[in-house]
Amino acid sequence: MKIKQSSFIVSAVEPSQYPPADIPEIAFAGRSNVGKSSLLNMLLNRKNLAKTSGRPGKTQTINFFDVDQLFRIVDLPGYGFARVSKSHKQRWGEYIETYLNTRENLIEVFLLVDIRHTPNELDKMMYDYIVSAGFSGYVVATKLDKVKNSALMSCLNNIKATLGVAENHFIVPVSSTNRKGKYKLWDRLNTLFQMAGYDIHFERQISNAPHLKQAKKKGKK
Ligand code: GTP
Ligand code: MG
């Protein structure tokens with residue numbers, strides 16, 4: 001099926017504000033400025049559904065986005081943003097922890113890390129936390145457009161080694177700028193729905209990105 005409608009539902013900080021736990025949710029976690037909100041927009045073919053910013057600390061609450069009333073993407077506040085007070089940071093940590101610990105319709109959490117950088121202590125803590133909470137620990141390496149093809153494998157290997165990602169575990173490089181990796185991520189979402197027993201299968205969301213148009217013209221996929 002194609003996406004007919006995607007919309008912002010609510011911004012929440014505590015469970016009483018969450019929408020009903022009636023449809024599956026997929027959450028995006030990661031450091032501030034890593035590209036969580038941009039990835040959400042790219043996946044849903046929307047320019048500005050989730051607000052993005054070049055300045056870290058844009059998303060400060062848990063934002064729920066509905067996709068055709070079939071599932072939700074949950075944009076979590078970014079962690080590791082230096083320019084906020086300690087009590088602020090603690091509060092964000094609590095929002096995230098409570099959500100991950102209590103949300104029964106949450107089927108997977110993707111950890112986003114910047115492909116160019118070695119994950120830091122907070123990323124490692126988040127990854128361990130996600131895995132210990134019983135999720136697979138899928139990793140999305142963002143900003144793929146910022147690295148040369150020749151450096152790709154070493155960047156991915158560095159991320160895997162630092163986080164302690166198991167061999168053959170899912171890690172996908174993506175770019176919200178040129179949309180590379182989008183199909184792989186959609187394939188993974190569909191697999192997740194299927195594994196969790198939901199009859200949900202979306203098309204790969206072919207986009208109008210210029211590089212894809214170019215490729216189509218040349219008869220490639
Ligand atoms: P917080 O809300 O602060 O947690 O940040 P976020 O993780 O939601 O990041 P956001 O999507 O707002 O993106 C941060 C900055 O990175 C913006 O300037 C984006 O344009 C840029 N950005 C995001 N994804 C990509 C990408 O794939 N490639 C490039 N080159 N820039 C990106
Ligand atoms: Mg954001």
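The first residue of the sequence shown is numbered 1, and numbering continues consecutively from there. Both ligands and their constituent atoms are indexed starting at 1 by order of listing.
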Does the distance from a Lys or Arg side-chain N to an Asp or Glu carboxylate O, for Arg31 and Asp114, drop under 4.0 Å?
-> no

[X] heavy atoms, cut-off 4.0 Å: which ligand 1 atoms fall inside?
X: Ser176; value: 24 (N), 26 (C), 27 (O)
X: Gly78; value: 4 (O)
X: Ser175; value: 27 (O)
X: Ser37; value: 8 (O), 11 (O)

For [atom], which protein heavy atom lies nearest, and how many Å away is it?
atom: atom 18 (O) of ligand 1; value: Gly54 CA, 3.3 Å
atom: atom 26 (C) of ligand 1; value: Thr177 OG1, 3.4 Å
atom: atom 30 (N) of ligand 1; value: Asp145 OD2, 2.8 Å

If you look at every heavy atom in [X] and [Y], which pair is closest and at what distance?
X: Val10; Y: Pro19; value: CG1-CD, 3.8 Å
X: Ala141; Y: Ile159; value: CB-CD1, 4.1 Å
X: Arg179; Y: Asn45; value: NH1-OD1, 3.4 Å

Mind checking whether [X] and [Y] have side chains closer than 4.5 Å, heavy atoms only?
X: Tyr129; Y: Glu97; value: yes
X: Lys47; Y: Asn41; value: no
X: Phe28; Y: Leu76; value: no

Option with minimal heavy-atom separation from atom 15 (C) of ligand 1, where the choices are Ser38, Gly35, Ser53 | Ser53

Using heavy-atom distances, let me know which of Lys180, Lys36, Lys143 sits nearest atom 16 (O) of ligand 1.
-> Lys143

Should the pair Phe64 and Tyr99 be assigned to parallel (<30°), tilted (30 to 60°) or perpendicular (>60°) ring geometry?
-> perpendicular

Parallel, tilted or perpendicular: ring planes of Trp186 versus Phe71, cut at 30 and 60 degrees = perpendicular

Tell me, please: is Asn33 in heavy-atom contact with ligand 1, that is, under 4.0 Å?
-> yes

With backbone taken as N, CA, C and O and side chain as the heavy atoms from C-beta onward, which portion of Val34 lies under 4.0 Å from ligand 1: side chain, backbone, both, or neither?
-> both

Single-linkage hydrophobic cluster, 4.5 Å side-chain cutoff, Ile200 and Ile26 together | yes

Report yes or no: is the cationic atom of Arg188 (NZ for Lys, CZ for Arg) under 6.0 Å from the centre of the six-membered ring of Tyr138, at an angle within 45° of the ring normal?
-> yes

Which N, O or S atoms belonging to the protein are less than 2.8 Å from the Mg ion (ligand 2)?
-> Ser37 OG, Thr59 OG1

